[in-house]
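Okay, so here's the structure we're looking at.
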Amino acid sequence: MRIATFNINGIKARLPRLIEWLEETQPDIACLQEIKTSDDSFPIKDIEGAGYGALWHGQKGFNGVAILARGEQPVEILRGLPGEAEDEHSRYLEADAKGVRVASIYLPNGNPCPGPKFDYKLRWMKRLRDRAAAIWAEEVPTILAGDYNVIPYDRDVYATQAMQDDALMQPESRTAYRAMLGDGWTDALASIHPAGGVWTYWDYQAGAWPRNAGFRIDHLLLSPVAADRLVTAQVDKDHRGREKASDHAPVWVELRD
DNA sequence: ATGGCTTTAAAATAAAGA
C-alpha cells in the first residue's frame, strides 16, 4: 500500500499535474497541502474522475489540506488541530482509510523569526505532538504526513548556511520535531535514506531546481505498527521538473499489506 | 538581497510562502 504526501501549492493551478500524478503513481492514500481554495470550490469532480474519494479542509487564498483515498471514501476523524480555539488556519485533517489512520499536516512556516509567526509555529508543534500522543494511545497503524516546514538535520539541506536564520531549521523547530521522534514516531524517508541528501522542496527562485539546491521538509511519521510494515520511502522527484510544477515534490511510503 | 518566483484574490497591487 502506497501512502503519499504532496504540497501542491494551489489545487486550481496544479489540477492537471495532480491528476497526472494520481494516474501515474496511483497512491492508495494521498495527503495534500496548500490546496489554497475554499471548501465550495474544491475540484471534487476531477478527483472523483481520477478514481478517488476525498475529504478536504479548505481556506480562501492560502493553507488548506485534503485526504484522498483510491476507490474509497475516507472517514473523517478530526478537522483542525485541537488546543487553540482562536486558530482559524486550515492546516490539519485526520481520517481513517484503507485500514490505517492518516493525518494531512500543513505546519506553519514560522518566518520571520523571531516573531509572532514563529511563536505560532512552536505552539502548533506542541499541539501536534499532543494530538499524536492521543492517536498513539488508540494503537491504530498511523501515518502523520505532510509539509512540516522543518529541516530535521543538517544533512537535509543543500547548504546549512543558506537557511541558518530561517524558521525551518531553528534549534527550537528541530527540537520540537525530534521530540516526536523521541516519542517513538519513525521518520520514514530518513529511515530509508539515513545518509541524507534527499530533498522534497526546491525554491522557484534563483535556479534552485536546476542546481539541485533543495531541502527536506515533507515528512511521513509512522507509528510502530506502521513502521513495522515499511518497505520503502521515496520522492517523486521528476514531478518537480515538469511544466507548472509545485515547488514541492510528492513523497511516499510503501507499507506491507 | 531589502525574496531574485509563484499562487491567490481581485482588479493594481498585496499577502504569503520557505
Review item, side-chain donor-acceptor pairs of residues 158-166 of chain A, under 3.5 Å, at least two apart:
unit_1: A:Asp166; atom_1: OD1; unit_2: A:Asn111; atom_2: ND2; d: 2.9
unit_1: A:Asp166; atom_1: OD1; unit_2: A:Leu168; atom_2: N; d: 2.9
unit_1: A:Asp166; atom_1: OD2; unit_2: A:Asn111; atom_2: ND2; d: 3.2

List the atom pairs, with distances to 0.1 Å, where a side-chain N or O of residues 222-230 of chain A and a protein N or O form a donor-acceptor pair under 3.5 Å, not counting sequence neighbours.
unit_1: A:Ser223; atom_1: OG; unit_2: A:Thr142; atom_2: N; d: 2.9
unit_1: A:Arg229; atom_1: NE; unit_2: A:Arg256; atom_2: O; d: 2.7
unit_1: A:Arg229; atom_1: NH2; unit_2: A:Arg256; atom_2: O; d: 3.1

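Using a 4.0 Å heavy-atom distance criterion, A:Lys117 is classed as a sugar-phosphate-only contact. Using a 4.0 Å heavy-atom cutoff across all strands shown, A:Tyr106 reaches sugar-phosphate atoms only and no base atom. Within the nucleic acid shown, A:Asn149 comes within 4.0 Å of sugar-phosphate atoms alone, with no base atom in reach, counting heavy atoms only. Within the nucleic acid shown, A:Arg91 comes within 4.0 Å of sugar-phosphate atoms alone, with no base atom in reach, counting heavy atoms only.
Going from the P atom of B:dA16 to that of B:dA1 covers 25 Å, rounded to whole Å. Using atom C1' as the reference point in both B:dT2 and B:dT8, the two lie 24 Å apart (nearest Å). Taking atom P on both nucleotides, B:dA10 is separated from B:dA15 by 14 Å, rounded to a whole Å. Comparing the same atom, C1', in B:dA11 and in B:dT7 gives a spacing of 16 Å after rounding to whole Å.
Side-chain atoms of A:Arg14 come within 3.5 Å of backbone atoms of A:Lys244 as a donor-acceptor pair (strictly under, hydrogens ignored).
Residues passing the side-chain contact (heavy atoms from CB on, under 4.5 Å) test with A:Glu72, sequence neighbours excluded: A:Ala69, A:Ala97, A:Lys98. Checked against side-chain hydrogen bond (donor to acceptor under 3.5 Å, both in side chains), A:Gln26 has the following partners two or more places apart in sequence or in another chain: A:Arg70. Residues passing the salt bridge (Lys or Arg N to Asp or Glu O under 4.0 Å) test with A:Asp183 are A:Arg129, sequence neighbours excluded. Legend: residues meeting salt bridge (Lys or Arg N to Asp or Glu O under 4.0 Å) with A:Arg178, ordered by chain and number and at least two apart, are absent.
Interface residues of residues 155-174 of chain A facing DNA chain B, ordered by number: A:Leu168; criterion, heavy-atom separation under 4.0 Å.
Across the protein-nucleic acid pair, A:Asp247 atom CG and B:dG4 atom C1' stand 15 Å apart, rounded to whole Å. A:His89 places its NE2 atom 12 Å from the C1' atom of B:dA15, with the value rounded to the nearest Å. Going from atom NE2 of A:His248 over to atom P of B:dC5 covers 18 Å, rounded to whole Å. Going from atom CG of A:Asp147 over to atom P of B:dG17 covers 11 Å, rounded to whole Å. Rounding to whole angstrom units, OH of residue A:Tyr120 and C1' of B:dG17 are separated by 14 Å. Rounded to whole Å, atom P of B:dA1 lies 15 Å from atom CG of A:Asp203.
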In sequence, state the C-alpha distance, the side-chain angles, and the governing distance for A:Leu107 and A:Lys121, and then conclude on side chain to side chain contact (heavy atoms under 4.5 Å, CB included). CA-CA 7 Å; A:Leu107 208 146; A:Lys121 176 184 190 135; 3.9 Å; yes

Generate the contact string for nucleotides 6-11 of chain B. Rules: B means base contact, S means sugar-phosphate contact only, - means no protein heavy atom under 4.0 Å. SBSSS-

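Counting Ile, Leu, Val, Met, Phe, Trp and Tyr side chains that sit under 4.5 Å apart, directly or through other members, A:Trp56 shares a hydrophobic cluster with A:Phe6, A:Ile8, A:Ile11, A:Leu15, A:Leu18, A:Ile19, A:Trp21, A:Leu22, A:Leu32, A:Ile35, A:Phe42, A:Ile44, A:Ile47, A:Tyr52, A:Leu68.
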